[in-house]
Every structure is written in structure tokens, then in C-alpha cells.
Amino acid sequence: MTSIGIGLCGLGTVGQGVCEHLFGNRALLQQRLGLDLAVVAAAVRDVAKPRRLPADATTVRITGEWRDVVDDPRVRVVVELIGGLDDAFDLILAALKAGKTVVTGNKALLAERGAEIFAESERQGVPVFFEASTAGGIPIIKAVREAFVVNHFLSFHGIVNGTSNYILSRMTDAGLEFADALAEAQREGYAEADPTLDVNGWDAAHKAIILASLAYGSWLRPADLSVAGIDLVSADDIRFARQLGWRVKLLASIRARDAGVSASVWPTLIPAGHVLASVNGVFNAIMVRGDVVGDALFYGRGAGGSPTASAVISDLADAATALVSGGVPRCSGFRPHALYGRALPPGELESRHYLRLAVDDVPGVLGQVAGALGANGIGISSALQPEEHDSGDRAQLILMLDRAKESQMQRAVAELEALPCVRGTAKLLRVESFGS
Ligand SMILES: NC(=O)c1ccc[n+]([C@@H]2O[C@H](COP(=O)([O-])OP(=O)(O)OC[C@H]3O[C@@H](n4cnc5c(N)ncnc54)[C@H](OP(=O)(O)O)[C@@H]3O)[C@@H](O)[C@H]2O)c1
């Protein structure tokens, strides 16, 4: 049986998962693919660190230098699972220049430098596979490139960060405040010691950049996105949203408009009865809307050693099959349909909003607030003023607003915060009803 040599760079959470399942399900893979995926070399930072590797993995050459793996003549596919930006970029470029197929799960790197990587892939005629970079075990990249080949993509809406979703789920179900839910997520192993990119929305934004770029034909830059994280959501917001019939989710939204592609990640109120509202805990889900297929929903585990290994190994199978057949894999490289090349500036993004203000509990306040919003062309669709008071003479005012551009909302919020009857800063979340 033909054997394809695999070089694994990184034996952390995902790398060990890949190793475990390549060895563990080797016979099944041989049966299905008619070839052998053989891990022959692996690179780590610290070779002395104890690792959980399968017994059969003793044949794997483990080195502290990723260049040894790229240069190993037995290695035909290089798997980049070291994470980070600089070394990972150098590694991928070195592998491509050596004519070796690349598989990566590095969303941050693709979001930042995907354009350069795919330009090099094109120049060398060597493919880069990246299923694991977006929504872990969910095969969304393959679906976009292969299963939906006849579709123009109208929109994507996704819950693509499991840590944030776990925290919001606990805030909803147990009434926890953000800090307590985050501490619990860290204790349970669902959040990193440094959870910054998860809670500030940027991990989800990296995935949105990859999906949008794949679907719409040019690499969006981070500055093209409007991004806010769940660190601005409080238990009060979740409670008020529930009273109004909504759930709060960190939603990545990508839309094709005549004027260009819009992409954003925001804590968003979605209807309690919508299917995405029932995606809880660490699970991810992505709803794709195509002009031919209509709505399609993908659900599964977006992170973790085994789910992510499942995606990496699917890429390895495609890469190896293409190498054996001598053909270019159908899903290789970055082949967008290129109908939309422009990104809409974040200020132009339109959405409905939820606005919470702490205000003086005196007559006439609602009129002043409505006046400031109206002066910026923003209508109020409903208002809630709970009986409970913050303290003494202060009240909460919750407003559901009509559609407005982000730039309009920013101006209105600045004016509202300057009103003498408004205390502190306004709380602004998005509202999505999943219309056209
Ligand atoms: N974890 C997930 O659930 C998940 C899901 C989807 C995508 N990803 C992506 O997959 C990648 C890997 O994530 P991970 O969670 O497995 O990371 P991790 O647990 O931190 O593992 C990183 C591995 O890379 C090695 N490494 C780091 N820098 C290196 C260098 N310069 N040269 C050689 N080896 C180096 C480390 O070696 P030592 O072991 O010696 O320190 C470690 O084995 C990241 O890009 C991540 O965004 C992760």
C-alpha cells in the first residue's frame, strides 16, 4: 500500500489529537483511502516535555526544530499546529517552497496573512488545506468549497467561539455575571488562562475573515470588520433580553450586499425561538444561506483535541489522495468566485440595536432620549423600564431600536452619554432577526 509521509509540527492539544487518531484509526483510514497516512516526524518546542502519544508513535522522529520536519525527505505533507504568527508563517512558506502540501488550523495566521500564504501557494502550485481553522470539527470549509459549489452565498451567521458561548450560556442559565462565568469556564478547561481573544470577539472575527474571504473572493482585513466581545455583556442585559423574548449570543455575521461584503462579530440578541438560540455550552453552529440551497445549518464541537483532529485528518486524506493520484485536489488553494471584492466599511454596517441606559428617575427623560435618537434618524421600536431601581433616583431604560448604520449609532450614543439625565456609559448590543 502506498504510504504518504506526514510531518506534524506541534504536539499540543490538536497535534496530540491528530497523532492519537491517525494511529488509533490507521486501519480504518487505510481501508477508506486505500493508502497509509504515516506520521514520520514531529516538531515541538521542548523535546523533554512528557506527552500523551500512542504506543505505535515510537517510530516518529521528534525534534525541537520545525525545519528538520520540513527538510525531512520522507515528509510530503507538513501539518502546522504550532499556532502563533511568526514561526508559523515561516514554517508554512518554507514547506510550500519545498513543494510540500500544507495543512494548518491556524485561524489567527490565515486572518492576518492569508493573502500572502495563498499567493505563495498559487506561485508554487502547492495546496494549503485549512478545515481546522474554522469551527473545529464542523466541515464548513469543505461545504463552502464543494457541497455548495452552485450557490452564491447570501449570508453566514455563526456561533463560532465555544468559550464565549459557554460563558453566555452560564450567564443565561445560572444568572452568573461575566467574571464568575469566565472563572468557571477556566476551572472547567473551556477557557485559556489568557482568554482575551475569545472574550473580546477576535477569535470569532478571525474565523469570520476566513469564511468571508473564501466565500466572497478577497481577503478582508481586520480593519474591515466591526468587532465587539462578550466582555461588555452583563447578567442584567441577558435578563432584560429574555423578558423581551430574545437570547444573547456572540454572533459572527457575514453578508453580501450590492455595495460589498459586510462582516462583524457582536454580542447579539436573537429570537428565543430561532434554532441558533438553542446552541448552548461549548458548541458551535453556522447557518449558511445560499441562493440555491436556501438555509443550511451546521452544528458541532468547534474546538478540542479530537474534534479539531477530525478536521485536520480530513484535510490529510484529501492532500494524500491528490498526491497519489497526481491531480490537483478539487478543494485545493483558494478559489473564490470573486463576484464581490469589496468590504463595506464598518461604519456602513446596518443593524437593529438594543440600548440600555442608566437614567435619572424623573419625568421627561424618555422624551430627551427619544429626541437624541430621533435627531440621528433612529427610531424606537419598543421600550422597557423595569420597576427595580439601581439605587435611589436612578432607573434602567431598555430600548429596542430600528435599523441604523453603525456610524449613526455611534453618534447617537455619544450624544446620549452627554445628556445630563444619562448616567455612565450606554450599553449597546446588536439585534438580529435573520431576515433577508
Ligand atoms: N485547541 C483547539 O481546540 C484548536 C481548535 C482549532 C484550531 N486550533 C489551532 O491549532 C493550532 C494549535 O493549537 P493547540 O491548541 O494545539 O496549541 P498548543 O496546545 O499550545 O500546542 C502548540 C504545540 O506547538 C509546539 N510549538 C510551539 N512553537 C513551536 C516552534 N516554534 N517550533 C516547534 N514547535 C512549536 C508546542 O511545543 P511544546 O509542546 O514543546 O510546548 C506544542 O506542542 C493553533 O493555531 C490553534 O489556533 C486549535
Asker: To check you understand the geometry: which heavy-atom pair defines the closest contact between Arg51 and Asp46, and what is its length?
Answerer: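 Nearest heavy atoms, Arg51 then Asp46: NH2-O, 2.7 Å.
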Asker: Identify the residue among Arg61, Arg67, Lys100 that makes a salt bridge (Lys or Arg N to Asp or Glu O under 4.0 Å) with Asp72.
Answerer: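 Running salt bridge (Lys or Arg N to Asp or Glu O under 4.0 Å) over Arg61, Arg67, Lys100 with Asp72 returns exactly one hit, Arg61.
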Asker: Side-chain contact test, heavy atoms from C-beta onward, threshold under 4.5 Å: evaluate it for Arg356 versus Leu397 and give yes or no.
Answerer: no
Asker: Which atom pair, heavy atoms only, marks the closest approach of Trp219 to Ile210?
Answerer: CZ3-CA, 4.2 Å
Asker: Can you list everything that forms a ring-ring contact (aromatic ring centres under 6.0 Å, His included) with Tyr190? Sequence neighbours excluded, please.
Answerer: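 For Tyr190 the ring-ring contact (aromatic ring centres under 6.0 Å, His included) partners, ignoring immediate neighbours, are Tyr166.
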Asker: Does the Gln16 side chain pair with the main chain of Arg52, one donor and one acceptor, at a distance under 3.5 Å?
Answerer: yes
Asker: Rounded to the nearest 0.5 Å, how far does CG of Leu269 lie from CG of Leu244?
Answerer: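 The CG atom of Leu269 is 8.0 Å from CG of Leu244, to the nearest 0.5 Å.
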Asker: Which atom names give the shortest non-hydrogen contact between Ile138 and Gly300, and what distance separates them?
Answerer: CD1-N, 3.5 Å
Asker: Could you walk me through whether Ile92 and Leu109 pass the side chain to side chain contact (heavy atoms under 4.5 Å, CB included) check?
Answerer: CA-CA 10 Å; Ile92 289 176; Leu109 177 62; 3.7 Å; yes
Asker: So do the side chains of Leu429 and Val233 get within less than 4.5 Å of each other, counting heavy atoms only?
Answerer: yes
Asker: Using the rule given for side chain to side chain contact (heavy atoms under 4.5 Å, CB included), can you reason through Val40 versus Val75, listing the C-alpha separation, both sets of side-chain angles and the distance that settles it, and then say yes or no?
Answerer: CA-CA 7 Å; Val40 292; Val75 169; 3.7 Å; yes
Asker: Would Glu120 and Gln124 count as a side chain to side chain donor-acceptor pair (under 3.5 Å) if you check the C-alpha gap in whole Å, the side-chain angles of each, and the deciding distance to 0.1 Å?
Answerer: CA-CA 6 Å; Glu120 189 62 33; Gln124 302 294 340; 2.7 Å; yes
Asker: Can you label the angle between the His274 ring and the Phe434 ring as parallel, tilted or perpendicular, going by 30° and 60°?
Answerer: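 The rings of His274 and Phe434 lie parallel, inter-plane angle below 30°.
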Asker: Does Asn284 reach the side chain of Tyr299, with side-chain heavy atoms less than 4.5 Å apart?
Answerer: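 No - every pair of side-chain heavy atoms lies 4.5 Å or more apart.
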Asker: Please check: side-chain N/O of Ser121 versus main-chain N/O of Ile117, any donor-acceptor pairing under 3.5 Å?
Answerer: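 Judged by distance alone, no pair lies under 3.5 Å.
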Asker: Between Lys207 and Lys107 (side chain of the first, backbone of the second, donor and acceptor by atom type, cut-off under 3.5 Å), is there such a pair?
Answerer: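 Side chain of Lys207 to backbone of Lys107: no pair is present.
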Asker: Could you tell me which non-hydrogen atom of Met171 sits nearest to which non-hydrogen atom of Ala235, and how far apart they are?
Answerer: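 Taking Met171 first and Ala235 second, the nearest heavy atoms are CE-N, 3.8 Å.
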Asker: Taking the side chain as every heavy atom from C-beta outward, state whether Ser226 and Arg430 have any pair of such atoms under 4.5 Å apart.
Answerer: yes
Asker: Determine the minimum heavy-atom distance between Ala204 and Leu250, stating which atoms define it.
Answerer: CB-CD2, 4.2 Å
Asker: Tell me whether the rings of Phe130 and Phe118 are parallel (<30°), tilted (30 to 60°) or perpendicular (>60°).
Answerer: perpendicular
Asker: Quick check against the 3.5 Å criterion: does Asn151 have a side-chain atom that pairs as donor or acceptor with the backbone of Phe153?
Answerer: no
Asker: Would you say Arg145 and Leu214 make side-chain contact, with heavy atoms under 4.5 Å?
Answerer: yes
Asker: Quick check against the 3.5 Å criterion: does Asp224 have a side-chain atom that pairs as donor or acceptor with the backbone of Arg221?
Answerer: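 Yes: the side chain of Asp224 pairs with the backbone of Arg221.
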Asker: Side-chain donor-acceptor pair under 3.5 Å between His21 and Ser310, yes or no?
Answerer: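 Checked: His21/Ser310 side chains show no N/O donor-acceptor pair below 3.5 Å.
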Asker: Side chains of Ile238 and Leu168, heavy atoms from C-beta outward: is any pair under 4.5 Å?
Answerer: yes
Asker: Calculate, to the nearest 0.5 Å, the distance between atoms CD and CG belonging to Glu80 and Leu8 respectively.
Answerer: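 Interatomic distance, Glu80 CD to Leu8 CG, rounded to 0.5 Å: 11.0 Å.
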Asker: To the nearest 0.5 Å, how far apart are OG in Ser351 and CE in Met409?
Answerer: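 Interatomic distance, Ser351 OG to Met409 CE, rounded to 0.5 Å: 9.5 Å.
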Asker: Rounded to the nearest 0.5 Å, how far does CD1 of Ile141 lie from CG of Leu211?
Answerer: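 So the CG of Leu211 and the CD1 of Ile141 are separated by 5.0 Å.
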Asker: Take Ile82 and Asp87, measure what side chain to side chain contact (heavy atoms under 4.5 Å, CB included) needs, and give me the verdict at the end.
Answerer: CA-CA 8 Å; Ile82 68 172; Asp87 281 355; 3.7 Å; yes
Asker: Could you walk me through whether Glu432 and Arg352 pass the salt bridge (Lys or Arg N to Asp or Glu O under 4.0 Å) check?
Answerer: CA-CA 7 Å; Glu432 176 61 64; Arg352 292 185 62 209; over 6 Å; no
Asker: Which residues satisfy the ring-ring contact (aromatic ring centres under 6.0 Å, His included) test with Phe23, sequence neighbours excluded?
Answerer: none
Asker: Quick one: are Glu348 and Ser262 in side-chain contact, heavy atoms under 4.5 Å?
Answerer: no
Asker: Quick one: does Phe178's side chain get under 4.5 Å of Ser234's, heavy atoms only?
Answerer: no
Asker: Donor-acceptor pair, distance only, cut-off 3.5 Å: does the side chain of Asn165 make one with the backbone of Gly281?
Answerer: yes
Asker: Any side-chain donor paired with an acceptor under 3.5 Å for Thr196 and Asp194?
Answerer: yes
Asker: Apply side chain to side chain contact (heavy atoms under 4.5 Å, CB included) to Phe240 and Tyr354, showing your working.
Answerer: CA-CA 10 Å; Phe240 294 138; Tyr354 155 107; 3.9 Å; yes
Asker: Would you indicate whether Glu192, at its atom CD, is surrounded by more than 12 heavy atoms from other residues, nucleotides or ligands within a distance under 6.0 Å?
Answerer: no
Asker: Taking all non-hydrogen atoms of both residues, which atom of Arg76 and which atom of Ile4 are closest, and how far apart?
Answerer: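 Closest approach of Arg76 to Ile4: NH1-CD1, 3.4 Å.
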Asker: Where the side chain of Thr268 meets the backbone of Val431, is there a donor-acceptor pair that is under 3.5 Å apart?
Answerer: no
Asker: For Lys142 and Glu131: C-alpha separation, side-chain torsions, deciding distance, then whether salt bridge (Lys or Arg N to Asp or Glu O under 4.0 Å) applies.
Answerer: CA-CA 7 Å; Lys142 212 175 173 85; Glu131 185 65 67; over 6 Å; no
Asker: Set out, in order, the CA-CA distance, both residues' side-chain angles and the distance that settles ring-ring contact (aromatic ring centres under 6.0 Å, His included) for Phe298 and Phe156, then state yes or no.
Answerer: CA-CA 11 Å; Phe298 294 79; Phe156 296 84; 9.5 Å; no
